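I have placed the structure first, in the form of structure tokens, so that the comments after it can refer back to it.
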Amino acid sequence: MLIKDMTITNNRGDSIVSGRHFFIRDDFAISGLGANVNMSETTSDGAHCQSTTLSTRDVDVPFYIKKTNVEHWWIEEKRQDIYRVCNPKFNPMRIDFSTNSGDQFYVNANLSAAPLFNQGRANDNSRWVTGLLQFISSDPFIYEAASRKVDIALWESNLEFPLEVVEEGIEIGYRNPSLIVNVLNEGSESSGMSIRFLALSQVVNPKLLNVTTYEAFNLKYTMLAGDVIEVSTYKGKRSITLIRNNVKTSIFNAFDFGTSKFLQLEPGDNLLRYDATSGLDFLEVSIEFTPKRIGV
């Protein structure tokens, strides 16, 4: 699939955007991710596959500067813009791009060399200057630019306008009765998630369960009215944070290590259910995650 637009942002927040002077060549595509397959010999024909891991991803970005001004100072200025942003000393970098179908993704990568500008009349003439950016991504996955949010339990508004107040009163909201929701992970790999627990009144020991695997994320904690607990189950970024009166505090020790796991969303369907020792009707739960793909 061809890449339509691209933005490269370094770790200082400086960006270069394609579409004005900086353009991506038509022969650029992100595909062909390799894999490491570990095999062992057997007493029969062939071999036994022990494990498979994805390789690092090489991302070579061929580009050109369109010469809307042929003055040497102008061309050098545009070259320096690319050098300023695409400096390997400012790794890691995020490459945001959209496909010709309009879908938006990003990869995290590191420049393995300074920008390379090609030589010769075919590469440097009155129309353009061509070059190459060479990245390597230790995280081989391609991420959807927009995360997915799913509400598992919440209060829903029941107000309609124009508003007519009847004698017996009106119901301004109602509790969504569903305790179980199917979270569809359309990515190629399991993913961590962000879990948000909100207490409308006292809630004791909130939890989230995977109905299919029987795995659970359990907290030994009593939430007060207005408390928010934000959880990250992403590998390498796991955290449990209480927000009370706009003050954030780590409560990682509230995690029930004996019975809990930091739940992951497997590719496909994931049936999740929320629960609590008490105060279940006062608990709102939502999750957010970003699907990971191996190619687009």
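We number each residue from 1, following the sequence as shown. This one's a predicted model, so the numbers in the text were calculated from it and none came from an experiment.
One finds no salt bridge joining R79 and D81 here, because no Lys/Arg side-chain nitrogen approaches an Asp/Glu carboxylate oxygen to under 4.0 Å. Ionic pairing of R196 and D151 is not present here: no N-O contact between side-chain nitrogen and carboxylate oxygen is shorter than 4.0 angstrom.
Other members of the hydrophobic cluster containing Y64, listed by chain and number, are F23, W128; membership follows side-chain contacts under 4.5 Å among ILVMFWY residues, whether direct or relayed. Through direct or relayed side-chain contacts under 4.5 Å between Ile, Leu, Val, Met, Phe, Trp and Tyr, L184 connects to no other residue.
The 12-atom threshold is exceeded at NZ of K67, counting heavy atoms of other residues, nucleotides or ligands nearer than 6.0 Å. Residue N245 places its CG atom among 12 or fewer non-hydrogen atoms of other residues, nucleotides or ligands, all under 6.0 Å distant.
Within the model, atoms OG of S239 and CD1 of I251 stand 10.5 Å from one another, a figure rounded to the nearest 0.5 Å. Going from atom CD1 of I75 over to atom CG of D124 covers 7.0 Å, rounded to the nearest 0.5 Å. From S191, atom OG reaches atom CD of E186 across 13.0 Å, with rounding to the nearest 0.5 Å. Taking CD of E230 as the reference point, atom CG of L242 lies at 10.0 Å (rounded to 0.5 Å). One distance of note links CZ of F141 with CG of L54; it measures 5.0 Å at 0.5 Å rounding. Atoms OG and CE, on S286 and M193 in that order, are 11.5 Å from each other to the nearest 0.5 Å.
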Q: For the pair T52 and N38, evaluate side chain to side chain contact (heavy atoms under 4.5 Å, CB included) and give the outcome as yes or no after the intermediate values.
A: CA-CA 6 Å; T52 302; N38 297 317; over 6 Å; no
Q: Given ring pair (Phe, Tyr, Trp, His ring centres under 6.0 Å), test F117 with Y83 step by step and report yes or no.
A: CA-CA 11 Å; F117 286 93; Y83 280 127; 5.5 Å; yes
Q: For side chain to side chain contact (heavy atoms under 4.5 Å, CB included), just list the numbers for D96 and F105, CA-CA rounded to whole Å, side-chain angles, deciding distance to a tenth of an Å, and then say yes or no.
A: CA-CA 6 Å; D96 288 85; F105 305 93; over 6 Å; no
Q: Dump the intermediate steps for side chain to side chain contact (heavy atoms under 4.5 Å, CB included) on V228 and F197, then the final yes or no.
A: CA-CA 6 Å; V228 174; F197 297 103; over 6 Å; no
Q. Passes side chain to side chain donor-acceptor pair (under 3.5 Å), D103 versus S101? Steps please.
A. CA-CA 6 Å; D103 297 319; S101 62; 3.1 Å; yes
Q: Start with the C-alpha distance between I229 and I240, add both sets of side-chain angles, then the distance that settles side chain to side chain contact (heavy atoms under 4.5 Å, CB included), and finish with yes or no.
A: CA-CA 7 Å; I229 295 178; I240 306 173; 3.9 Å; yes
Q) What's the verdict on ring pair (Phe, Tyr, Trp, His ring centres under 6.0 Å) for F22 and F63, showing C-alpha distance, side-chain angles and the deciding distance? A) CA-CA 7 Å; F22 174 75; F63 69 91; 5.3 Å; yes
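The side-chain heavy atoms of P140 and L33, taken from C-beta on, include a pair separated by under 4.5 Å. Y274 places a side-chain heavy atom less than 4.5 Å from the side chain of L283. Within the 4.5 Å cutoff, no side-chain heavy atoms of N11 are placed close to those of M93. Between T259 and F217 the shortest side-chain heavy-atom distance does not fall below 4.5 Å.
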Name the atoms and distances for all side-chain donor-acceptor pairs under 3.5 Å in residues 264-272, with sequence neighbours left out.
from: Q264; atom 1: OE1; to: G192; atom 2: N; distance (Å): 3.2
from: Q264; atom 1: NE2; to: T233; atom 2: O; distance (Å): 2.8
from: Q264; atom 1: NE2; to: F262; atom 2: O; distance (Å): 3.2
from: D269; atom 1: OD1; to: N182; atom 2: ND2; distance (Å): 3.0
from: N270; atom 1: OD1; to: E266; atom 2: N; distance (Å): 2.9
from: N270; atom 1: ND2; to: V183; atom 2: O; distance (Å): 3.3
from: N270; atom 1: ND2; to: E266; atom 2: O; distance (Å): 2.8
from: N270; atom 1: ND2; to: G268; atom 2: O; distance (Å): 3.1

Quick one: side chains of residues 287-296, donor-acceptor pairs under 3.5 Å with protein atoms, not counting sequence neighbours, listed by atom name and distance.
from: E288; atom 1: OE2; to: S147; atom 2: OG; distance (Å): 2.5
from: K292; atom 1: NZ; to: S190; atom 2: O; distance (Å): 3.2
from: R293; atom 1: NH2; to: E144; atom 2: OE2; distance (Å): 3.0

Could you go through residues 205-213 and list every donor-acceptor pair under 3.5 Å that involves a side-chain atom there, pairing it with any protein atom two or more places apart or in another chain?
from: N205; atom 1: OD1; to: Y221; atom 2: N; distance (Å): 3.0
from: N205; atom 1: ND2; to: T277; atom 2: OG1; distance (Å): 3.1
from: N210; atom 1: OD1; to: T212; atom 2: N; distance (Å): 2.9
from: N210; atom 1: OD1; to: T213; atom 2: N; distance (Å): 3.1
from: N210; atom 1: OD1; to: T213; atom 2: OG1; distance (Å): 3.4
from: T213; atom 1: OG1; to: E215; atom 2: N; distance (Å): 3.3

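Taking the six-membered ring where tryptophan is involved, the planes of F255 and F252 are tilted, since the angle between them lies from 30° to 60°.
No path of Ile, Leu, Val, Met, Phe, Trp and Tyr side chains, each step under 4.5 Å between heavy atoms, connects Y106 with I136, placing them in separate hydrophobic clusters. Transitive grouping of hydrophobic side chains (ILVMFWY, heavy atoms separated by less than 4.5 Å) keeps L132 and L111 in distinct clusters. I65 and L116 are members of different hydrophobic clusters when ILVMFWY side chains are connected at heavy-atom separations under 4.5 Å. Hydrophobic cluster membership is shared by V85 and F90, with clusters built from Ile, Leu, Val, Met, Phe, Trp and Tyr side chains linked at under 4.5 angstrom. In this structure, V17 is not a member of the same hydrophobic cluster as I95, with clusters built from ILVMFWY side-chain heavy atoms closer than 4.5 Å.
Partners of N10 by side-chain hydrogen bond (donor to acceptor under 3.5 Å, both in side chains), not counting sequence neighbours: none found.
One N or O on the side chain of S112 and one on the backbone of Q134 form a donor-acceptor pair closer than 3.5 Å. Side-chain atoms of S260 come within 3.5 Å of backbone atoms of N218 as a donor-acceptor pair (strictly under, hydrogens ignored). Side chain of N91 to main chain of P88: a donor-acceptor pair is present (N/O by atom type, distance under 3.5 Å, no hydrogens or angles). Formation of a donor-acceptor pair under 3.5 Å by the D227 side chain with backbone atoms of L224 is found in this model.
For the side-chain hydrogen bond (donor to acceptor under 3.5 Å, both in side chains) criterion with Q80, the lone passing option out of E77, K78, E76 is E76.
The two residues I24 and S18 come nearest to each other via the heavy atoms CG1-CB, 4.2 Å.
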